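These notes concern the structure reproduced below.
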Amino acid sequence: MKDRTRSHDAQLRRIHPHLWEIERSGGMRVPGRIFASESMIDHVRTEGGLAQVVNVAHLPGIVGYSLAMPDIHWGYGFPIGGVAATDPAQGGVISPGGVGYDINCGVRVMTTRLDASDVRAKIRAMVGALFSHIPTGVGSSGAIQKVGRKELEQVMVNGARWAVEQGYGSESDLAHTEEEGCLAGADPSAVSERARSRGGTQLGTLGSGNHFVEIDVVDEIFDEDAAGEFGLRRGAIAVQVHTGSRGFGHQVCDDYLKVMARAVRRYNIELPDRQLACAPVASDEGREYLGAMACAANFAWANRQTIMALAERALLAALGASPRDLGMRLLYDVCHNIAKLEDHEVDGEVRRLCVHRKGATRAYPPRNAKNPWKIGQPVLVPGDMGTESYICVGQEKSLAETWGSTCHGAGRRMSRRSAMRHFRGRDLIGEMRERGIEIMAKDRRTIAEEMSEAYKDVSEVVEVVHGAGLSLKVARLRPLAVIKG
Amino acid sequence: MGRTDEGFEAVDHTADVALHVWAPDLERLFLQAALGLAHFLTDPSRVRPLERVALRIEGLDREELLVAWLGEILYRWESDALLLTEFAELRIEETAKGFRLHATARGERWDGERHASGVGVKAATYHGLNIRPDTQGRFDLTIVLDT
């Protein structure tokens with residue numbers, strides 16, 4: 001199972017300035033397509049992500065192309081930034097590796113009525129309050145009560161709505177969440193005891209690694225009309241939450257990799273990488289994974305909904321403000337790691353496909369009743385620690401080219417260990433403060449691992465999808481303070 | 001090889017962390033992998049062997065057995081806050097369905113006052129995992145860990 005990058009270099013062909021194609025060869029069922037600029041593609045070539053695009057093209061029932069967004073980097077089985085749709089009616093498969101370990105890792109952005117100029121002196125108090133209200137880091141457990149067995153089933157089935165019913169946020173938040181914060185088809189009977197046990201204590205916790213809660217200022221508007229529609233004002237404070245399904249989702253992924261290893265034998269599926277293990281969507285194994293994955297996705301939405309409410313409480317306490325003065329409203333919540341059954345047009349007819357997005361964001365244009373905006377859906381693209389994040393808007397072209405998908409973030413450039421070595425001995429908290437960013441983290445090592453030099457430039461990623469017309473830039477957020485695990 | 005007969009070391013990997021392990025036989029390979037994982041999770045020298053658990057793991061093949069073995073240690077840590085850092089009586093046998101591992105593990109529940117917090121490892125992966133002995137029956141491989 002060696003990466004096969006080198007042998008595929010020759011077949012990489014440029015389609016337009018932002019799109020590259022890998023011709024079909026060997027066992028590939030479809031060609032590969034990578035959205036990237038000229039300067040990015042060389043890096044992609046050397047990194048192993050390209051070989052993974054090729055590997056994904058081997059999946060039974062894959063339709064169109066094995067796709068990758070410009071934030072493509074090496075993942076397990078699928079590359080991060082990978083998008084692939086399969087047709088269940090044509091033997092199409094679902095692969096836990098096409099979703100990833102952190103099922104429904106995602107981000108939400110809240111707008112506020114605060115102006116950055118009014119709270120500048122209070123930023124340290126605000127970040128301190130976030131840090132004390134929201135449990136972070138390895139092994140952290142909840143600020144909220146450990147959820148019991150019955151209650152955890154409610155979380156699995158109802159998602160964000162469960163949190164709203166517990167008093168975390170309000171009903172109107174649900175309309176501003178992808179799938180209204182609840183993926184249909186959740187089947188708790190497909191979830192192991194182990195997943196329940198890992199997840200039970202972690203609801204309402206942020207976790208470690210690249211997860212964060214951040215206070216931002218809207219520092220640039222690219223599209224005044226769209227920004228107005230989304231309620232984004234230059235100079236206003238916004239808050240971002242980036243986390244997922246914690247140990248619950250990891251265990252679901254782990255459990256089903258095992259199930260799929262058996263399914264691959266049972267259905268005689270030949271794969272170039274074991275981490276791509278899969279089963280037909282229409283098989284027992286496929287249905288069970290979809291049911292368990294939906295439970296994990298709903299756990300993640302309940303988690304982000306809860307953390308948003310904890311963040312609101314923290315800021316109210318730090319500012320001594322009323323909820324009306326703070327005026328925190330959920331702009332939108334998107335998943336970055338998910339597989340969903342969606343209707344898409346293929347060769348002139350609408351087919352229900354299983355769309356895998358692993359490190360990619362849905363980017364729908366205005367086309368369905370569930371979208372509360374007159375324009376496309378908000379696309380939230382967080383930067384790494386200390387750099388800007390972008391809010392974009394989904395475009396019609398994404399439906400034609402990427403099953404309604406776009407990029408999700410920056411992607412690592414440096415391994416965690418080399419980041420540790422690179423930043424050894426430096427006062428990183430002090431350096432970030434010089435740049436106007438307050439950081440609080442449970443473990444100082446996380447700060448070194450997550451320094452922005454360890455990541456690719458998110459602006460370049462956003463420019464590529466903007467240029468390709470998948471999603472257009474609306475506004476940029478600049479961080480003022482961040483809490484990490 | 002210019003180093004000890006068996007052992008482990010942390011190595012670089014693009015997105016995550018990886019564990020290089022080597023040993024003269026399969027059982028000692030699994031032992032070194034568990035010790036290596038424990039070093040990612042905490043500083044094992046500060047963990048006392050106060051609790052003892054008997055572990056039994058099954059796998060279709062050696063790779064699945066190793067992923068499940070490390071997964072078991074991660075599960076005990078995440079669900080019970082139990083840091084397992086000492087392993088004994090480790091046996092691996094072939095069965096009709098694949099492989100089975102028995103072991104005794106010792107460790108202590110997390111105490112934030114005394115224990116160092118390590119890397120948030122979430123799972124062992126199958127990436128490039130191929131557990132085959134060389135001509136002398138030795139094992140030498142790298143396990144990529146999802147963090």
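Quick note on labels: first sequence line is chain A, next is B, and so on, each numbered from 1. On a predicted model such as this, the values are computed, not experimentally measured, just so you know.
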(request) Could you walk me through whether B:Glu78 and A:Gln251 pass side-chain hydrogen bond (donor to acceptor under 3.5 Å, both in side chains), step by step? (result) CA-CA 10 Å; B:Glu78 268 201 35; A:Gln251 189 66 46; over 6 Å; no

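- Residue contact with chain B, scored on non-hydrogen atoms closer than 4.5 Å, involves the side chain of A:Leu257 exclusively.
- B:Ala10 touches chain A through backbone and side chain together, each having a heavy atom under 4.5 Å away.
- For A:Gln275 (side chain) and B:Tyr126 (main-chain N/O), a donor-acceptor pair under 3.5 Å exists by modelled atom type.
- Heavy-atom neighbours of A:Glu270 CD from other residues, nucleotides or ligands within 6.0 Å: at or below the threshold of 12.
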(request) For the pair B:Glu58 and A:Lys258, evaluate salt bridge (Lys or Arg N to Asp or Glu O under 4.0 Å) and give the outcome as yes or no after the intermediate values. (result) CA-CA 11 Å; B:Glu58 294 190 359; A:Lys258 216 166 176 178; over 6 Å; no

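- No side-chain heavy atom of A:His250 sits under 4.5 Å from any side-chain heavy atom of B:Leu74.
- The OG atom of B:Ser79 lies 11.0 Å from the CD atom of A:Glu193; values are rounded to the nearest 0.5 Å.
- Heavy-atom distances place no part of A:Arg196 under 4.5 Å from chain B, backbone and side chain included.
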(request) Show your reasoning for whether salt bridge (Lys or Arg N to Asp or Glu O under 4.0 Å) applies to B:Glu64 and A:Arg262. (result) CA-CA 11 Å; B:Glu64 193 177 283; A:Arg262 285 153 184 78; 2.7 Å; yes

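- Under the side-chain contact (heavy atoms from CB on, under 4.5 Å) test applied with A:Arg274, the options B:Thr125, B:Leu129, B:Asp61, B:Asn130 reduce to a single match, B:Asp61.
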(message) side chain to side chain contact (heavy atoms under 4.5 Å, CB included) for A:Asp254 and B:Tyr75? Distances and angles first, verdict last.
(response) CA-CA 11 Å; A:Asp254 227 19; B:Tyr75 169 72; over 6 Å; no

(request) Please step through side chain to side chain contact (heavy atoms under 4.5 Å, CB included) for the pair A:Trp74 and B:His127, ending with a clear verdict. (result) CA-CA 11 Å; A:Trp74 185 94; B:His127 179 75; 3.0 Å; yes

(request) Could you give me the CA-CA distance, side-chain angles and deciding distance for B:Lys122 and A:Tyr101, then say whether side chain to side chain contact (heavy atoms under 4.5 Å, CB included) is met? (result) CA-CA 8 Å; B:Lys122 303 286 172 28; A:Tyr101 283 98; 5.8 Å; no

